[in-house]
Amino acid sequence: MRSHTCGELRAKDIGSEVLLSGWVANRRDHGPVRFVDLRDRYGIIQLIAEQDASPAGMEGLNGLHPEDVIQVRGTVRRRAAGQHNAERPTGEVEVMVAAVEKISAAVRLPFEIADYIDVPEEMRLRFRYLDMRRSPLQERMKLRTQANHAFRCALVAEGFYEIETPMLTRSTPEGARDYLVPSRMRLGSWYALPQSPQLFKQLSMVGGMDKYFQIARCMRDEDLRADRQPEFTQLDMEMSFVDEEDVFALVERVMSAVYLAINGQALALPLQRMSFTESVRRFATDKPDLRNPLEVVDLASEGCHLGFSLFNDVLHKGGWVRGIRVPGGGSLSRKQIDSIETAAKDAGAGGAAWCKVAEEGPSGPLSRFLKVAEGETPIDCPVKIGGLSRGGADFLKALEALPGDLVVTIADAPRRALTALDAVRNKAGQLMDFIQGPDRLLWITEFPLFEETEAGGYHPAHHPFTCPVMEDLPALLAGEKASIRSRAYDLVLNGVELGSGSVRIHDRDLQKTIFAAIGLSEEVANERFSFLLEAFRYGVPPHAGFAIGLDRLYALLFGADTIRDVIAFPKTATASCPLTGAPSVVDDHQMEELGLSQRTPAPLNEA
RNA sequence: GGGGAAGUAGCGCAAUUGGUUAGCGUACCAGCCUGUCGAGCUGGUGGUUGCGGGUUCGAGUCCCGUCUUCCUCGCCA
């Protein structure tokens, strides 16, 4: 149906007779001369017809509508001098139309197919196939293909097998909520859609596959975010007879191959590493954006000498007083500083006490607790900040504050303080325009094995097959939970958690210990994971793995604002698909076959 | 489950304190035009102001509810 695509004609093709197919991107009718831009995935070519030279072509280009699909026969010719379009690869030539066949007519579109048109996202998702005709999605689907290809090539070259694991599998109630699928063959029983291929990849290791990977779809029935979809894609990997060093090295090589394919530049290896504990202490998060230079300072020992009742109360209750010094932040406006405080409040903190630091002394809400009492002699401060009390000087010294800086402090219960400090660090970094420069990839290592639940119990921070750090094993056996470290690790890029992995447990007794530690009885553990525990009886290699969230990686790598922009057919925040209307009610007879009863659904899209 | 923002022609936006027949741009349709390429000019079509209720002589505007979308906390082993 075509001799060439719309994007490939060049000066060398001048004189050729061509057959082209594509969409009508634009029409420009000048009476006796008529232009049509014909578009396909490969580009845009200008068609032309002239009343005198090509009456048949003139007739054919008549009455076309935007996005009609047409087929055109014509001759490539050089554009007149001064009429070249330098912005298009095909801009040196045009096709003199001899005949046009309208293949498929298009009705009026819900939005124009043009990159410069701002279309609401709901509309873009409802008509995703039209959004796809625009270059941003065209480009991202191309890059996604190239990146996936680079991953596959790199892993196959490393000796990995690509193994497809089941989509219909067994529910494991730990962790995220499962998507469930009713069984017709065995009424009352359910499959679950996989949250990850975790157990199957471990079983593949028991099966001697040695190196496994899969570009795997994972489903989790949890509330969504800008960087979370109900189904998402992971590059899932597992290796036998390896430890974390082997995994780091492998993932680094593979990531570097993708950077080379997409950015044209390999990564500087090895990547930086930081323990979970250090990351939380310095950056108030387990996924720090290292492009942001701001760091958190613990002010517990200085904050209690200021006579600030809030600080004293919080510290007395076991809370945190921590602060962030913003170099040069004294230049921020009151409105900007308020927005930092708002960020802290939005993160759940009561507020943020701040002051600006200057040679003549501190100013702002926190300053009165730092200043010397009237009539007393200010401390002679080595960095020339006037008017300070002894406690105030020590406080600012701990922060290493200098004249011209802004100091923001958070005093709250540890958990809330942590999220608030993270928010303050991000907001202040943005306002100061600190967050720039090259991508910062790093490993976060030695995650805690357990996390405290709201009920006061413990559950695995990663998953129950993660191996503890051997040093901590005696403490674990003695009943300790909170301080036990695991051999789990995350890969973080510019403050985004790209993926995580761990060295797995390959010892049945240790596995049973962990199950017991998280309150999973032997019966329940046996019932849910009997197949894994059984497999471990038949000779299991030590193994470890990793999974990279490809949607998140690609959003960053391709410069997209959300992961929806790198996914062909994404869902909305309510996990619905505006295009197909999923989820939907099903026929009564389908329900009957499955032994289910229908419930009246909540209204959707009735507006 | 909690908090926040938004919703007015296909699309982007406006509409003074609650006050005329809800406007502008763009797209679309028609006509004109020999070189455009986000063409230009002239004219035209296009509205249950998300939906429901309330207050009022009068509601796009105020109040209540609801739906949708986005952001966010919880949640996401």
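Lettering follows sequence order; numbering is per chain, from 1. Side-chain atoms are counted along with the backbone in the values below, which use heavy atoms only and exclude waters and symmetry mates.
In this structure, A:Asp115 reaches neither bases nor backbone, as no heavy-atom distance under 4.0 Å exists between it and the strands shown. Contacts of A:Glu50 with the nucleic acid, taken as non-hydrogen atoms under 4.0 Å apart, include base atoms. Heavy atoms of A:Pro464 sit under 4.0 angstrom from at least one base atom. Looking at heavy-atom distances under 4.0 Å, A:Asp223 makes contact with a base. Across all strands shown, A:Arg124 has no heavy atoms under 4.0 Å from either base or sugar-phosphate atoms. Among the heavy atoms of the strands lying under 4.0 Å from A:Glu94 is at least one base atom, whether or not backbone atoms are also near.
Taking 3.5 Å as the limit, the base of B:U36 and the side chain of A:Gln46 contain a donor-acceptor pair of atoms between them. Between the base of B:C33 and the side chain of A:Arg28 there is no donor-acceptor pair shorter than 3.5 Å. Taking only distance into account, the side chain of A:Arg415 never meets the base of B:C73 through a donor-acceptor pair shorter than 3.5 Å. For A:Arg79 and B:U36, a side-chain-to-base donor-acceptor distance below 3.5 Å is present, hydrogens and geometry of angles not being considered. No hydrogens or angles were tested; on distance alone, a donor-acceptor pair under 3.5 Å links the side chain of A:Asn85 to the base of B:C37.
Position along RNA chain B of the nearest nucleotide to A:Ala226 versus A:Ala176 favours A:Ala226 as the more 5'-ward residue.
For B:U36, the OP1/OP2 oxygens have a side-chain nitrogen or oxygen of A:Gln83 closer than 4.0 Å. At B:U69, one or more side-chain N or O atoms of A:Ser576 fall inside 4.0 Å of OP1 or OP2 (strictly under the cut-off). Taking side-chain N and O atoms only, A:Arg34 has no distance below 4.0 Å to OP1 or OP2 of B:C33. When the side-chain nitrogen and oxygen atoms of A:Arg564 are compared with OP1 and OP2 of B:C71, one or more of them lie within a distance under 4.0 Å. In terms of phosphate contacts, A:His30 brings no side-chain nitrogen or oxygen within less than 4.0 Å of OP1 or OP2 of B:C32. Regarding contacts with the backbone of B:C28, a side-chain N or O of A:Arg27 is found under 4.0 angstrom from either OP1 or OP2.
A:Asp118 places its CG atom 15 Å from the C1' atom of B:G38, with the value rounded to the nearest Å. Atom-to-atom, CZ of A:Phe447 to P of B:C76 comes out at 15 Å; the value is rounded to the nearest Å. Atom CD in A:Glu451 sits roughly 13 Å away from atom C1' in B:G74 (whole-Å rounding).
Look at the C1' atom in both B:G47 and B:C11: the space between them is 14 Å, to the nearest Å. When the P atom is used for both B:A59 and B:G4, the distance is 29 Å, rounded to whole Å. B:A15 and B:U20 have their P atoms separated by 14 Å, given to the nearest Å. If you take atom P in B:C41 and the same atom in B:U26, they sit 8 Å apart, rounded to whole Å. Nucleotides B:A9 and B:U48 are separated by 8 Å at their P atoms, to the nearest Å.
Stacking of A:Phe35 onto the six-membered ring of B:U36 is present: less than 5.5 angstrom between centres, less than 30° between planes.
Across every strand in view, B:C57 sits in a pair with B:G19 that passes the Watson-Crick or G-U test at under 3.5 angstrom.
The six-membered or imidazole ring of A:Tyr212 lies away from that of A:Phe200, with a centre-to-centre distance of 6.0 Å or more.
Between the side chain of A:Asp551 and the main chain of A:Tyr554, no donor-acceptor pair closer than 3.5 Å is present.
The A:Arg225 side chain lies nearest to B:U72 when the options are B:U72, B:C11, B:A27.
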